[in-house]
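Reminder, nothing fancy here: chain letters follow the sequence lines and each chain counts from 1. Heavy atoms only: backbone and side chains are in, while hydrogens, waters and symmetry mates are out.
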Amino acid sequence: MDFGLSEEQLLLQQTIDRFLEAECPSTRLHEIFDGDEAVDGSLWRGMIELGLGGLTIPEPYGGAGLGLIDLALASETLGRRAAPGPFLGHALAGVAIALGGNEEQRERWLPSLATGRCLATVALAEAGGRWDPARWQARVQGGRVTGGKAWVPCAHAADLLVVGVEGGGLALVERTAAGVEIAAVDGVDRTRRLDDVTLENAPCDVLERSRDVGGRVRDAGLCLVAADAFGGATRCIEMAVDHANTREQFGVTIGHFQAIKHRLATMSVEVEPSRALFWYAAHAWDAVPEDRQRAASLAKAHITDRFMQTARDAVEIHGGMGFTWEGDMQIWLKRAMFDRMFLGSPAAHRERVARVSGW
Amino acid sequence: MDFGLSEEQLLLQQTIDRFLEAECPSTRLHEIFDGDEAVDGSLWRGMIELGLGGLTIPEPYGGAGLGLIDLALASETLGRRAAPGPFLGHALAGVAIALGGNEEQRERWLPSLATGRCLATVALAEAGGRWDPARWQARVQGGRVTGGKAWVPCAHAADLLVVGVEGGGLALVERTAAGVEIAAVDGVDRTRRLDDVTLENAPCDVLERSRDVGGRVRDAGLCLVAADAFGGATRCIEMAVDHANTREQFGVTIGHFQAIKHRLATMSVEVEPSRALFWYAAHAWDAVPEDRQRAASLAKAHITDRFMQTARDAVEIHGGMGFTWEGDMQIWLKRAMFDRMFLGSPAAHRERVARVSGW
Amino acid sequence: MDLGFSEEHEAFREEVRRFLADGWPLKGEEANLKRRAQAALFRKRAIERGYLARAIPKAYGGSERPSDPLRATIIASEFARVHAPRDPGAPISQLIATLASHGTEQQKKKFLPPTITGEMVWCQGYSEPGAGSDLASLRTKAELVGDEWVINGQKIWTTAAGVAHMIYLLCRTDPDAPKHKGMSYLLVDLNQPGIEVRPLKEMNGDAHFNEVFFDDARTPADYIVGRPGEGWIVSRSTLAHERNAVGASVAVRVQFERLVELARTSERNGRPAIEDPIIRDRLAELDGYVTSHEYSGYRQLTMDVRGEKRGAIGMMNKLVSTEIGHRVAKLAFDLAGEAGLRAPLGDRKPKGDPDWMTQYMMSLGLSIAGGTSDIQRNIIGERGLGLPRDFVAQKGAR
Amino acid sequence: MDLGFSEEHEAFREEVRRFLADGWPLKGEEANLKRRAQAALFRKRAIERGYLARAIPKAYGGSERPSDPLRATIIASEFARVHAPRDPGAPISQLIATLASHGTEQQKKKFLPPTITGEMVWCQGYSEPGAGSDLASLRTKAELVGDEWVINGQKIWTTAAGVAHMIYLLCRTDPDAPKHKGMSYLLVDLNQPGIEVRPLKEMNGDAHFNEVFFDDARTPADYIVGRPGEGWIVSRSTLAHERNAVGASVAVRVQFERLVELARTSERNGRPAIEDPIIRDRLAELDGYVTSHEYSGYRQLTMDVRGEKRGAIGMMNKLVSTEIGHRVAKLAFDLAGEAGLRAPLGDRKPKGDPDWMTQYMMSLGLSIAGGTSDIQRNIIGERGLGLPRDFVAQKGAR
């Protein structure tokens, strides 16, 4: 019985947090948010140097061989700092290849994912809300894939796409291959840019080593998004508390008002217990397979809902400036909007919880 | 354009309120609540003397010939004071006979309903949540009715039952007739006692003058319950405000705490606008037939939900004493539980709103 | 109870309709005028007929009609129906009311007529950075130097500052007076070197607001409304003129109907969202609030017609609209589903369709703008329900 | 991360199970003893084995074991599984902790052993009418007359006063001292002419609580814990011993599973309620809270094991449980549907089935009992998040 973080895990989070505090302060974050580039090269290189390219990639392939829980803890810290960039897609691509790739595929791709020489992403969803692997329609025939994929993180900048295909499988497609077309989406969260991808007889390489690989990668994604949302929500509370302890109205800091104090307490009570929920979801992915699906969907639905509400509350506590483009709050609010909808809505995941619980 | 109360309507409410303040103060209310009798004779006679037996009964039959809006205003005031007794069933029976009775039926019953010589009630629901006239199953054959009716207010004490029958019609059954059996229900709200009624070939007299008489009477009931709930909710807020202005904690009255103040403000903002909703529902029953169903179900669903939440909030603001049997709050909380479920749950009425709105 | 209008009022409605049928939009040559000039021309004609500027004396360009909330309601709804220009809305309506009650003869003569027709556009300089809901703590200063006020400081959340000619502002003219008593209400020409306007972009990409910087900006000594130090009282009297319960609650109904339409046209689990039991339930729940607010508007209109005080309900409208706005926005966001991942901002916004993403974000702004919801709750608790004042507020008012 | 137990701990669990298999329920002759005597006998044996009274020195009847949150958790769950008597719960646990930390040698010797086994039953005299969450304003007085304290006043919300032998109470012994400083902590025999106990019926018809009236009640001078005037500190030290995060969150899980069962067996629109999309959605939403709280319990257990401070999360458990209780109760009430119109109280309650109606009403009591939710929010805001204290609270603390 040890449901807590190890020294190494705490150090990992601290290292990422300090890196981002130094390299991506508010000013830099706004520049990237307002800029044209999906990936800020120097920031991403910094993350790669921290080892974020290969946390879960097995050691023989140059990764750290850690569990999804560790990846989720990294995701939490990135969410906390609203870190811009391609982490989510790249990390999930690594999970997918490690899980589903044969020896050749793993050897070919994993080392360069770990070093960041290759930037990868996952193309799971299809238009019309088809986030569920059972509903994917992209079709593989004779080593070529055809179909449309939607909401692909940083596809434009990626070298490799891990594409969800009919039957819930995954296939590797190189971005520069013939038949791959990419169109940028005007996304709400400019820290994690999205693209639409059209595949027309594009050469592909199917991942076949493991059963239900699409479903497992999707569940890993749910854990990472939940972790990101938890990090974002806790940071919103911190920022709102800071504001409440600084901003004066009627001659006192507004934290003196019980309405503000209770609202912050309520935000905290809504969010803090769910730390254990995303821990458990990631831990279940690693070690409690029979509860993987329920825990992943529960964490994603619950925590992204909390993040959305917390971000809204934090905007309101910040008053007018919380509502401006130049303020920081808008970035977290938009991260919340992304986390809430990416990989499927809370309502869809609650229905999945009901289904897998046998209700 | 005159969406407000007339002098006469205000006077009616004032008269009832003063009568109840004098004749049914907290001590008396508790006695009746704790007592065995479904109907307190002297209190009911007092109400009859105020004209509450025949507000909507046409003048030729000894009533005041007023509209459902007036009956609803009376219901609001009775709800405000948590008035115990058979008003609800009796009033709806009067509405039913005036609406659906032929000349003979009206002449026979309405005058004695108005004078209170005859106590009547309505037996609409059947077991298993069959509040909807379309789902009634009691069957009339050869002037006799057979079936089970549930949740009948004060049937035990009544002389006449207006019974909902298959097809959504209504039929008159005398309580002392052969084949009528009545069993008391251990109801949560002891100000409005309920009975189960079993009819076995009981002689009956069908009301046939008007189309959809069961549906219209049910909608009238929804308006009266909504009005009762509005009255109860506003009184809960008054009591909670009084308490907040009296009770001291940490050396000040608790109304000084912003948490209490905002909670009371929120309760008031939730409740006060819905006054216009029950007015409109009753007015629509009287004068806007095309919006009758939607308005009645909307008012019932919305206001009884507000009452339930307001009563809970008021209990909490009252602290421990709000939670005791000897306190007043429990009586309003239980009235809220009655209003919320009697004639169908808020969820059922919201679905009806969706249906009649053509969604 | 009667939700219809009397014959007299229906006849009035007919008269208004005929006027509008001829009068708006402008025809022939006049249709080539600039937008603001067209509106001004139309308003002049409407004032002649007694449809606009009804509370303003004829001497100052108004139509000087007896108060009639029903006629006002009819005018508002008929003008809205054909999108005809109406009386300038907030914040200009506040200036008009202030000038009408507290302006000098000269100020009224000079400013009211062009303001009423919309030829002269104003913005409001109340909020400052560091003074949101707490106007008494304003820091922008004005000093009388010779025959001019010299103004220094900064205003924020100023709408329309980019297109306005003039700004009316609250500023501190007596630094030694207690908070509420040292402020004055000044009228200032925006077009001068001492004033800089900077747009403030909102989270949805729009820029309705501005910051306005005053660096030795100037205005004549007699461009003060009320006496020095009376600014607080003068500005407060303004706000009472904003009421239009029916208009606001009708707007909420329209918003709700658009939401129902969105539910019809969105999909959930491969079927129209409006068939989803959860959506139906949430819509009907929302309809309870919307319909309450709607008829609450008619109730308040009736109170106005009867000359009764509105009491607590009158203090609730803003909070009720805000709360409904939140609920509408949340449901719309849920209905939008994955479309919520997109955010076409600025020029890229689709024309025509209601912009639910902006709506969702704006619903946050609603509780902030012009006094947060928390302050509304204080007002309702204290003035509406008779609860005691906060210690904090007492401290602030010292 | 590891949610299992080590081999050492699993061995311990086996040992506990074997003890329970033999030891509870009592067999033979012993099974004919009265309920309380059976429990006392069993507890004595469990203490000998080191399973109960682990924090209490052997000299005072305890088993004096080193703190081991995992063993404690295993004991709690295994004992709960077979419904065996455990250490006396609140409010007696609070007295035990207080005596252990602040009692005199004589008090510990006299009171701890029978209290630990449950032979001596106590109730708690803290709350008073007019002093709910604000214990510092208590008015019950005790005066030292000769070698006895003479007590006058009234306590309320006293659980188990009908069956208890003794009451421990906070009362004012120095009327001139500042609020918190004039109070003392006394131990008083309930069975005396100066004390009257009146049951207080709750809205659900139960009577868990009592009023206790003191009219020249007496207790020996040395039945005071701590020195005169130290009552406030002594009583506060008590509350820190209540922690058992896992137990509480497991209880919430059990309650949730019963709710799911209710949803399976209730009908909605003629189908099992659990098939209704709205019910499924609400259940899954609730499951999010329940599962968070459940694993939050394991997280806190781990912190305890590691000897880390729990921080803000430790302050939240009560409020989280209360909120979940509210949600469970509301959903149960909705599932009960028209059955909510019935209210079998007291004797008429159905045996066995969870009584959702009582649950619904009790969920209200939850936020009131032992410090309202508002006070919990103050604590979280101030001690957890570092926000400033209220002016009101500052005023009260003067």
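In this structure, B/Gly255 and B/Lys261 approach most closely via the heavy-atom pair O-CE, 3.6 Å.
Of the residues considered (B/Arg263, B/Arg275, B/His262, B/Glu272), B/His262 shows the highest number of contacts with chain C, using heavy-atom pairs under 4.5 Å. Of the listed residues (B/Thr266, B/Val269, B/Ile69, B/Val353), the greatest number of heavy-atom pairs within a distance under 4.5 Å of chain C belongs to B/Val269. Chain C forms more heavy-atom pairs under 4.5 Å with one residue of B/His283, B/Arg294, B/His302, B/Glu238 than with any other, namely B/His302. When each of C/Gly386, C/Ala284, C/Ala312 is checked for heavy-atom pairs under 4.5 Å with chain B, C/Ala284 comes out on top. Your options are B/Asn245, B/Val241, B/Asp305, and the one with the most heavy-atom pairs under 4.5 Å with chain C is B/Asn245. When each of C/Ile379, C/Val320, C/Leu283 is checked for heavy-atom pairs under 4.5 Å with chain B, C/Leu283 comes out on top. Between chain C and the residues B/Ser6, B/Ala244, B/Ser268, B/Ala287, the largest count of heavy-atom pairs under 4.5 Å involves B/Ser268.
Contact of C/Leu3 with chain B is made through backbone and side chain together, with heavy-atom distances under 4.5 Å. Residue C/Arg264 touches chain B through its side chain alone, counting heavy-atom pairs closer than 4.5 Å. Neither the backbone nor the side chain of B/Ser297 comes within less than 4.5 Å of any heavy atom in chain C. Of the atoms belonging to C/Val305, not a single heavy atom falls under 4.5 Å from chain B. Neither the backbone nor the side chain of B/Ile260 has a heavy atom closer than 4.5 Å to any heavy atom of chain C.
Taking the six-membered ring for Trp, C/Tyr295 and B/Trp279 have ring centres at least 6.0 Å apart. Taking the centre of each ring, B/Phe307 and B/Trp332 stay at or above the 6.0 Å mark.
Taking CD1 from C/Ile74 and OH from C/Tyr51, the interatomic distance works out to 10.5 Å, rounded to the nearest 0.5 Å.
Taking 4.0 Å as the cut-off between side-chain N and carboxylate O, B/Asp132 and B/Arg218 count as a salt-bridged pair. Under a 4.0 Å N-O distance rule, the pair B/Arg80/B/Asp17 qualifies as a salt bridge. Salt-bridge formation is not detected for the pair B/Asp228/B/Lys300: no Lys NZ or Arg NE/NH1/NH2 atom is positioned less than 4.0 Å from an Asp or Glu carboxylate oxygen.
The closest donor-acceptor contact from the side chain of B/Asp291 to the backbone of B/Val288 lies at 3.5 Å or more, if one exists at all.
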